[in-house]
Amino acid sequence: MRAVDTNVVVRLITRDDHRQAAFADRFVENGAWISVLALAEATWVIDSVYDLNRGEIATAVEMLLNHKDLVLQDSDIVAAALELFRSRPAVDFSDCLILELARKAGHLPLGTFDRALSKTDGAEKL
């Protein structure tokens, strides 16, 4: 199976460059894999560069999870991170993903200086 980088994920979400979006669609139409790193980076880009709000970010991640041609690395963790992200308005998606990766790996608590994240089950404020 093919894999895609952050730029392709961003094109699939934003569709802002029609030519690149078409190339991205064709590239993934027979199946493509997205790493959690590319996903985390893509959510940062759509937040900071495209100024998407939390609801739009959640919708984008859900679209990727449900996309017929895409396989997300550790999709169960991504789904758990998405659920956490939706329930914690002050915590970024990437922080939710890091916490859920640590949880699945059995490496809790997750030490953090982030106040909002530290109030989440499994995290500990340093």
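Residue numbers start at 1 and run along the sequence shown. Just so it is clear, the structure is predicted and the values come from calculations on it, not from any experiment.
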Chemist: What's the spacing between L117 CG and T112 OG1 if we round to 0.5 Å?
Modeler: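 Atom-to-atom, L117:CG and T112:OG1 are 4.5 Å apart.
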Chemist: Would you check if the side chain of D92 reaches a backbone N or O of S94 as a donor-acceptor pair within less than 3.5 Å?
Modeler: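 Looks like no, no N/O pair under 3.5 Å.
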Chemist: For the pair R2 (side chain) and G31 (backbone), establish whether a donor and an acceptor sit closer than 3.5 Å, ignoring hydrogens and angles.
Modeler: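 No: the side chain of R2 does not pair with the backbone of G31.
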Chemist: At their closest point, which heavy atom of P109 faces which heavy atom of E124, and how far apart are they?
Modeler: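 Minimum heavy-atom contact is CG-OE1, 3.3 Å.
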Chemist: Looking at A123, is its backbone amide N or carbonyl O close enough to the side chain of T120 to form a donor-acceptor pair, meaning the two atoms are under 3.5 Å apart?
Modeler: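 Answer holds: no.
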Chemist: Is the closest basic N to carboxylate O distance between R88 and E83 below 4.0 Å?
Modeler: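 Result for this pair is no, no salt bridge flagged.
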Chemist: Report, as yes or no, whether the 6.0 Å neighbourhood of atom CG on N53 holds more than 12 heavy atoms from other residues, nucleotides or ligands.
Modeler: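 Enclosed.
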Chemist: Does D47 reach the main-chain N or O of T43 with its side chain, forming a donor-acceptor pair under 3.5 Å?
Modeler: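 Not at all, since once roles are kept as given, no pair shorter than 3.5 Å links the two residues.
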Chemist: Membership question, hydrophobic clusters at under 4.5 Å side-chain separation (ILVMFWY): are V78 and L84 in the same one?
Modeler: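 Different clusters: L84 never reaches V78 through Ile, Leu, Val, Met, Phe, Trp or Tyr contacts under 4.5 Å.
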Chemist: Salt bridge (charged side-chain N to carboxylate O under 4.0 Å, His left out), that's the test. Do R86 and E62 meet it? Break it down for me.
Modeler: CA-CA 11 Å; R86 284 181 164 145; E62 187 171 42; 3.1 Å; yes
Chemist: Out of curiosity, L99 CG to L108 CG, how far, rounded to the nearest 0.5 Å?
Modeler: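 Taking CG in L99 and CG in L108, the distance rounds to 6.5 Å.
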Chemist: Can any side-chain N or O of D17 pair as donor or acceptor with the backbone N or O of R19 at less than 3.5 Å?
Modeler: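 It does hold such a pair.
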Chemist: Find out whether L37 and T6 are in side-chain contact, i.e. whether some heavy atom of one side chain is under 4.5 Å from a heavy atom of the other.
Modeler: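 SC-SC contact between L37 and T6 ruled out.
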Chemist: Are M63 and V8 connected, step by step, through hydrophobic side chains (Ile, Leu, Val, Met, Phe, Trp, Tyr) whose heavy atoms are closer than 4.5 Å?
Modeler: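 Yes: a chain of side-chain contacts under 4.5 Å links M63 to V8.
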Chemist: Do D16 and R11 sit within salt-bridge range, that is, some charged N less than 4.0 Å from a carboxylate O?
Modeler: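 Yes, this pair counts.
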Chemist: Rounded to the nearest 0.5 Å, what separation is found between the CD1 atom of I46 and the CG atom of L52?
Modeler: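 Answer for the CD1-CG pair, I46 versus L52, is 5.0 Å.
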Chemist: Grouping I, L, V, M, F, W and Y whenever their side-chain heavy atoms are under 4.5 Å apart, do V45 and I98 come out in a common cluster?
Modeler: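 No, V45 and I98 fall in different hydrophobic clusters.
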Chemist: Can you get from L101 to L82 by hopping between Ile, Leu, Val, Met, Phe, Trp and Tyr side chains that sit under 4.5 Å apart?
Modeler: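 Yes, L101 connects to L82 through the hydrophobic network.
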Chemist: Only one of L64, V28, L65 clears side-chain contact (heavy atoms from CB on, under 4.5 Å) with I34; which?
Modeler: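 With I34 as partner, L64, V28, L65 yield a single side-chain contact (heavy atoms from CB on, under 4.5 Å), made by L64.
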Chemist: Taking atom CD of E41 and atom CG of N7, what is their separation to the nearest 0.5 Å?
Modeler: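 Reported to 0.5 Å precision, the distance equals 7.5 Å.
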Chemist: Measuring from K104:NZ to I77:CD1, what's the distance to the nearest 0.5 Å?
Modeler: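 One gets 4.5 Å once the value is rounded to the nearest 0.5 Å.
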Chemist: For C96 versus A81, what's the shortest heavy-atom pair and its separation?
Modeler: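 Residues C96 and A81, closest heavy atoms: CB-O, 3.5 Å.
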Chemist: Q73 side chain to V36 main-chain N or O, any donor-acceptor pair under 3.5 Å?
Modeler: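 Flag set: sc Q73 to bb V36 pair under 3.5 Å.
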Chemist: Does some side-chain heavy atom of F85 sit less than 4.5 Å from a side-chain heavy atom of V91?
Modeler: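 With C-beta onward as the side chain, the pair stays apart.
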Chemist: Do you know which two heavy atoms are closest between D51 and E56, and how far apart they sit?
Modeler: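 Shortest heavy-atom separation between D51 and E56 comes out as O-OE1, 4.5 Å.
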Chemist: Is the shortest heavy-atom distance from the side chain of D95 to the side chain of D114 under 4.5 Å?
Modeler: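 Side chain of D95 against side chain of D114, heavy atoms only: contact under 4.5 Å found.
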Chemist: Short question: side chain of R15, backbone of V10 - any donor-acceptor pair under 3.5 Å?
Modeler: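 No, because the side chain of R15 does not come within donor-acceptor range (under 3.5 Å) of the backbone of V10.
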Chemist: Between Y50 and I57, is there shared hydrophobic-cluster membership here, with clusters defined by ILVMFWY side-chain heavy atoms closer than 4.5 Å?
Modeler: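 Yes, Y50 connects to I57 through the hydrophobic network.
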Chemist: Quick one: pull up CE in M1 and CG in D69 and give me the separation to the nearest 0.5 Å.
Modeler: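 Answer rounded to 0.5 Å: 9.0 Å.
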Chemist: Would you say the side chain of F93 lies within less than 4.5 Å of the side chain of L39, judging by non-hydrogen atoms?
Modeler: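 Counting from C-beta outward, L39 and F93 do come under 4.5 Å.
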Chemist: Main chain of D121, side chain of R103: is a donor-acceptor contact present, judged purely on distance under 3.5 Å?
Modeler: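 Indeed, once roles are kept as given, a pair shorter than 3.5 Å links the two residues.
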